Amino acid sequence: MMTTPILEVSGLAVRYGKIEALHKASIKVGAGQIVSVIGPNGAGKSTLLNAIMGALPVTGHASGRIAYLGDDVGAMPIERRVARGMCLVPEKRELFASMTVEDNLVLGAYRRKRAGERNFLDQLDHVFELFPRLKERRAQAAGTLSGGERQMLAVGRALMGKPDLLMLDEPSLGLAPLIVKEIFHIISALRQTGVATLLIEQNARAALQISDYGYVLETGDLALEGPATELAQNPRVIETYLGLVKKPV
Ligand SMILES: Nc1ncnc2c1ncn2[C@@H]1O[C@H](COP(=O)(O)OP(=O)(O)OP(=O)(O)O)[C@@H](O)[C@H]1O
Ligand SMILES: [Mg+2]
């Protein structure tokens with residue numbers, strides 16, 4: 001039996017002026033699933049996420065259908081999508097550098113506070129549990145965190161809003177393999193709390209390892225899709241995205 005997917009995007013096209021950066025993309029994220037979209041630089045990955053969130057720049061124009069829990073949210077402003085439980089951690093993490101780790105996290109719950117939720121900080125302990133490093137550094141200015149810690153803070157801040165659909169734009173960007181492992185472990189642990197995740201990645205190996213389903217995006221087109229374990233064995237994916245470790249010359 002199929003339940004309503006949390007996200008169902010059909011025929012989504014995005015153009016910036018005359019250039020179409022995304023051609024009729026259709027993707028689906030089931031309840032509690034981790035779904036990844038992999039692809040090279042410039043393929044349109046961020047464009048896809050920003051369009052789903054309603055966060056395209058003014059020059060960007062999207063057409064197609066974006067259904068969130070069965071409702072078409074394509075015309076909704078970003079705030080209403082957030083209020084419904086959609087959350088995007090953008091490529092530029094947009095932390096408040098001079099503020100402490102804890103204050104950045106509290107800001108992540110701002111919308112809930114404004115909406116009158118009395119227990120708007122109820123996720124703080126959970127976030128500190130997931131990211132003990134953030135707890136240790138709660139009084140440190142965000143701008144002085146390492147790249148990996150900053151990434152953790154960006155994800156932690158998103159979780160403070162208690163999203164149902166978390167969209168992450170390249171969480172592994174610029175991070176060392178051990179930190180990537182740690183962050184992906186946490187993303188996969190989030191599944192147990194019922195959060196669905198749409199993950200955009202260039203690190204295909206790490207992404208497919210924790211995903212239920214995957215898509216390959218190439219110059220604006222979804223070139224391949226399938227269950228993550230199958231995609232990871234697809235010869236084309238192996239050759240182009242997983243590859244063999246290059247030996248030094
Ligand atoms: N605001 C914009 N105006 C014009 N063109 C844009 C704009 N944003 C993105 N593009 C173009 O759209 C295409 C897709 O860009 P996008 O940022 O979605 O790629 P990406 O897959 O996220 O790449 P990366 O892995 O480098 O982040 C690129 O050719 C890019 O130059
Ligand atoms: Mg991008």
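Start at 1 and go down the list; that is how both ligands and their atoms are numbered. As a basis for the values below, the full set of heavy atoms in this structure was taken, side chains included, without hydrogen atoms, waters or symmetry mates. Here the structure is a predicted model, which means the values were calculated and not measured.
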Requested in this report: Decide whether an N or O pair under 3.5 Å exists between P57 and ligand 1.
Outcome: no
Query - Residue pair I210 / I187, side-chain heavy-atom distance below 4.5 Å - result: yes
Requested in this report: For atom 2 (C) of ligand 1, find the nearest protein heavy atom and state the residue, atom name and distance (0.1 Å precision).
Outcome: Y16 CD2, 3.5 Å
Query raised in the report: For ligand 1, which atoms sit closer than 4.0 Å to a heavy atom of E170?
Result: 24 (P), 25 (O), 27 (O)
Query - Residue and atom name of the nearest protein heavy atom (relative to atom 17 (O) of ligand 1), distance in Å to one decimal - result: S46 CB, 3.8 Å
**Report entry** Closest protein heavy atom to atom 25 (O) of ligand 1, given as residue, atom name and distance to 0.1 Å
**Finding:** K45 NZ, 2.7 Å
Query - Heavy atom of G60, distance to ligand 1 below 4.0 Å - result: no
Report summary line: Protein N/O/S atoms closer than 2.8 Å to the Mg ion (ligand 2) number 2
Query raised in the report: Is any heavy atom of the protein nearer than 4.0 Å to atom 31 (O) of ligand 1?
Result: no
Query raised in the report: Taking all non-hydrogen atoms of both residues, which atom of K45 and which atom of P40 are closest, and how far apart?
Result: NZ-O, 2.8 Å
Requested in this report: From the options N41, L217, L48, select the one whose nearest heavy atom is closest to atom 26 (O) of ligand 1.
Outcome: N41
Requested in this report: Please report the C-alpha distance between L105 and V127 in whole Å, then the side-chain angles of each, then the deciding distance to 0.1 Å, and finally whether the side-chain contact (heavy atoms from CB on, under 4.5 Å) criterion is met.
Outcome: CA-CA 9 Å; L105 289 173; V127 169; 4.0 Å; yes
Query raised in the report: Roughly how far apart are I66 CD1 and D71 CG, rounded to 0.5 Å?
Result: 13.0 Å
Requested in this report: Indicate yes or no: at least one non-hydrogen side-chain atom of Y16 is less than 4.5 angstrom from one of T47.
Outcome: yes
Query raised in the report: Which is it for R133 and E182 under the salt bridge (charged side-chain N to carboxylate O under 4.0 Å, His left out) test, yes or no, and what are the steps along the way?
Result: CA-CA 11 Å; R133 282 187 200 220; E182 199 175 329; 3.4 Å; yes
Requested in this report: Assess whether side-chain hydrogen bond (donor to acceptor under 3.5 Å, both in side chains) is satisfied between E201 and S172, documenting all intermediate values.
Outcome: CA-CA 7 Å; E201 263 300 335; S172 78; 2.8 Å; yes
**Report entry** N/O separation below 3.5 Å, G42 to ligand 1
**Finding:** yes
Report task. Return yes if some donor-acceptor pair links the side-chain N/O of Y68 with the main-chain N/O of G74 below 3.5 Å, else return no. Result -> no
Query raised in the report: Under 4.0 Å from atom 6 (C) of ligand 1, is there any protein heavy atom?
Result: yes
Query raised in the report: Which heavy atom in N104 sits nearest to a heavy atom in A142, and how many Å separate them?
Result: ND2-CB, 3.4 Å
Requested in this report: For side-chain hydrogen bond (donor to acceptor under 3.5 Å, both in side chains), just list the numbers for E20 and H23, CA-CA rounded to whole Å, side-chain angles, deciding distance to a tenth of an Å, and then say yes or no.
Outcome: CA-CA 7 Å; E20 196 170 69; H23 322 298; 2.7 Å; yes
Query raised in the report: With respect to I52, which candidate in V29, I27, L88 satisfies the side chain to side chain contact (heavy atoms under 4.5 Å, CB included) definition?
Result: I27
**Report entry** Close-contact set for ligand 1 against A21 heavy atoms, below 4.0 Å
**Finding:** 12 (O), 13 (C)
**Report entry** NZ/NE/NH1/NH2 to OD/OE distance under 4.0 Å, R191 and D212
**Finding:** yes
Query raised in the report: Touching ligand 1 at all, P40? Heavy atoms, strictly under 4.0 Å?
Result: yes
Query raised in the report: Who gets closest to atom 18 (O) of ligand 1 by heavy atom: T219, T47, T59?
Result: T47
Query raised in the report: When you look at L199 and V37, which way does the side-chain contact (heavy atoms from CB on, under 4.5 Å) test go after all the steps?
Result: CA-CA 6 Å; L199 182 62; V37 177; over 6 Å; no
Query raised in the report: Is G44 in contact with ligand 1, taking contact as a heavy-atom separation below 4.0 Å?
Result: yes
Requested in this report: Identify the protein heavy atom lying closest to atom 27 (O) of ligand 1, giving its residue, its atom name and the separation to 0.1 Å.
Outcome: E91 OE2, 2.7 Å
